[in-house]
Amino acid sequence: MLHLFPLVTGFGKGFGSKSSISKQSPPKSPPKSPPLDRFGLPPPTTDSIFPRPDPSTIIKTSSALSDAEAVSDFFPSFNVSYPNLTRIHSDPPLFKISSFLAPSECFECISMINSPNSPSSTRMIATPSKTFKHSVSTRTSTSFFLPHAELPTLIEKAVALFQTKSSFFEEPQLVRYEMNQEFTYHYDATPDRSNQRAATLLIYLNTMKEGEGGSTVFRDLDVSCRPVQGDALIFFPSQVTGKVDERTLHSGQKVLGDTEKFVAQLWIHRKEYNSIMF
């Protein structure tokens, strides 16, 4: 006997049609928390180590503020009439000097680094660049310390610029940054120092092209200085009271590509400086 079964409609829809079965997305994983250190604390960040200053204390440009007024709370004897001097930030004050050293003077400094057997180089003390004790910053360059007598032109120009005695200067340093080397964010002054660093003079000995890195960056001032041979950058890491000016936090960015960066640097103190190296 033939049995007729009722036709079941929607068979295709119920078992094979895309319109009747929606694919469920897998549940999203919760965002991963940063790994904790051995004390159960999150790892430090640049902002947690170096808190950002109150933006109202920073003045990028001010036509009402003369150069002399800009440095009065930092280094009153600073020679604001020095040739080719340009103010690039008002408060805290930053200055640039074009062609502070001539190309020949820059090449002479680089030659001292690259020719360790030259007469001047034999008096250099080469050391892996280090930051202050207990510093959280990273510096991977190589520094070469010299007596004042080995860089007379630099010392002479620095005396004219800061209008102070050379006995207030640290040993000048020549510094080489090779590929991937850098100096992460740091201050040039340290708290509770009896003879505080009052000024930083940084001279670029070679030019870094766009994309080669090596710029000096002031995080909180929105200032980035790309190295140009012979140019000098001047800023003041502490006030006349000796208080560290945390607004001058800066870094030497990583050198990119198959190139090198060379600088000369000199720190000026508020009192006579006793060299521990020479």
Side-chain angles (χ1 to χ4, degrees), residues 59 61-106 108-109 145-175 187-190 193-205 216 218 221 223 225 227-245 247-248 250 263-278:
I59 302 174
T61 58
S62 174
S63 57
L65 193 67
S66 69
D67 289 347
E69 290 169 331
V71 299
S72 62
D73 289 335
F74 299 91
F75 209 104
S77 67
F78 182 71
N79 183 2
V80 295
S81 299
Y82 196 90
N84 301 326
L85 181 76
T86 303
R87 189 172 75 197
I88 59 176
H89 197 276
S90 291
D91 190 12
L94 272 66
F95 294 88
K96 183 183 79 170
I97 300 176
S98 300
S99 302
F100 183 76
L101 289 183
S104 60
E105 294 164 345
C106 294
E108 181 180 357
C109 290
F145 296 83
L146 293 106
H148 287 188
E150 297 300 328
L151 291 174
T153 301
L154 171 59
I155 298 300
E156 180 182 346
K157 290 184 176 183
V159 167
L161 176 62
F162 293 99
Q163 301 187 111
T164 189
K165 296 184 293 184
S166 62
S167 57
F168 284 46
F169 299 169
E170 287 188 28
E171 309 89 352
Q173 295 180 31
L174 303 179
V175 185
Y187 305 118
D188 277 4
T190 55
R193 191 170 186 170
S194 59
N195 188 9
Q196 189 61 277
R197 283 176 170 173
T200 297
L201 172 62
L202 179 67
I203 306 110
Y204 301 112
L205 301 178
T216 305
F218 293 82
L221 309 183
V223 171
C225 299
V228 174
Q229 186 180 60
D231 284 5
L233 175 66
I234 303 101
F235 58 97
F236 307 92
S238 69
Q239 299 176 339
V240 289
T241 59
K243 180 183 177 183
V244 177
D245 191 341
R247 300 173 300 173
T248 60
H250 61 287
V263 300
Q265 58 192 25
L266 186 66
W267 282 291
I268 296 84
H269 285 255
R270 301 214 175 269
K271 305 174 186 177
E272 291 199 351
Y273 175 79
N274 295 318
S275 173
I276 59 175
M277 304 194 74
F278 299 102

Quick check: do [X] and [Y] have side-chain heavy atoms less than 4.5 Å from each other?
| X | Y | value |
| --- | --- | --- |
| Glu105 | Lys157 | yes |
| Ile88 | Phe95 | no |
| Leu221 | Pro92 | yes |
| Leu161 | Ile97 | yes |
| Pro93 | Phe78 | no |

Output the distance between atom [atom1] ([X]) and atom [atom2] ([Y]), rounded to the nearest 0.5 Å.
| X | Y | atom1 | atom2 | answer |
| --- | --- | --- | --- | --- |
| Asp188 | Thr200 | CG | OG1 | 3.5 Å |
| His269 | Gln196 | NE2 | CD | 8.0 Å |
| Ser98 | Gln229 | OG | CD | 13.0 Å |
| Leu154 | Gln265 | CG | CD | 11.0 Å |
| Ser81 | Gln163 | OG | CD | 8.5 Å |

Where do [X] and [Y] come nearest, in terms of heavy atoms and distance?
| X | Y | value |
| --- | --- | --- |
| Ile203 | Leu201 | CD1-CG, 3.8 Å |
| Val80 | Leu85 | O-CD2, 3.3 Å |
| Pro172 | Ile155 | CG-CD1, 4.4 Å |
| Leu174 | Leu205 | CD2-CD1, 4.4 Å |

Decide if the gap between the ring center of Phe168 and the ring center of Tyr273 is smaller than 6.0 angstrom.
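No: the rings miss the under 6.0 Å criterion.
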Any chance the rings of Phe218 and His250 have centres within less than 6.0 Å?
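Yes, close enough.
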Determine whether a donor-acceptor pair (N or O, by modelled atom type, separation under 3.5 Å) exists between the side chain of [X] and the backbone of [Y].
| X | Y | answer |
| --- | --- | --- |
| Glu170 | Leu266 | no |
| Glu150 | Pro147 | no |
| Asn195 | Glu272 | yes |
| Gln173 | Phe145 | no |

Per-pair distances, 0.1 Å, donor-acceptor, side chain in residues 230-242, under 3.5 Å, sequence neighbours excluded:
residue: Asp231; atom: OD1; partner: Ser99; partner atom: N; Å: 3.0
residue: Ser238; atom: OG; partner: Arg197; partner atom: O; Å: 2.7
residue: Ser238; atom: OG; partner: Arg270; partner atom: NH2; Å: 3.4
residue: Thr241; atom: OG1; partner: Lys243; partner atom: N; Å: 3.4

Test log, rule side-chain contact (heavy atoms from CB on, under 4.5 Å), inputs Cys109 and Leu151:
CA-CA 8 Å; Cys109 290; Leu151 291 174; 3.9 Å; yes
Decide yes or no on side-chain contact (heavy atoms from CB on, under 4.5 Å) for Asp91 and Asp73, but give the supporting numbers first.
CA-CA 10 Å; Asp91 190 12; Asp73 289 335; over 6 Å; no
Are there over 12 heavy-atom neighbours, none belonging to Glu69, within less than 6.0 Å of that residue's CD?
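Counting other residues, nucleotides and ligands, CD of Glu69 exceeds 12 neighbours.
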Quick one, Ile268 with Phe75, criterion side-chain contact (heavy atoms from CB on, under 4.5 Å). Give me CA distance, side-chain angles, the key distance, then yes/no.
CA-CA 10 Å; Ile268 296 84; Phe75 209 104; 3.8 Å; yes
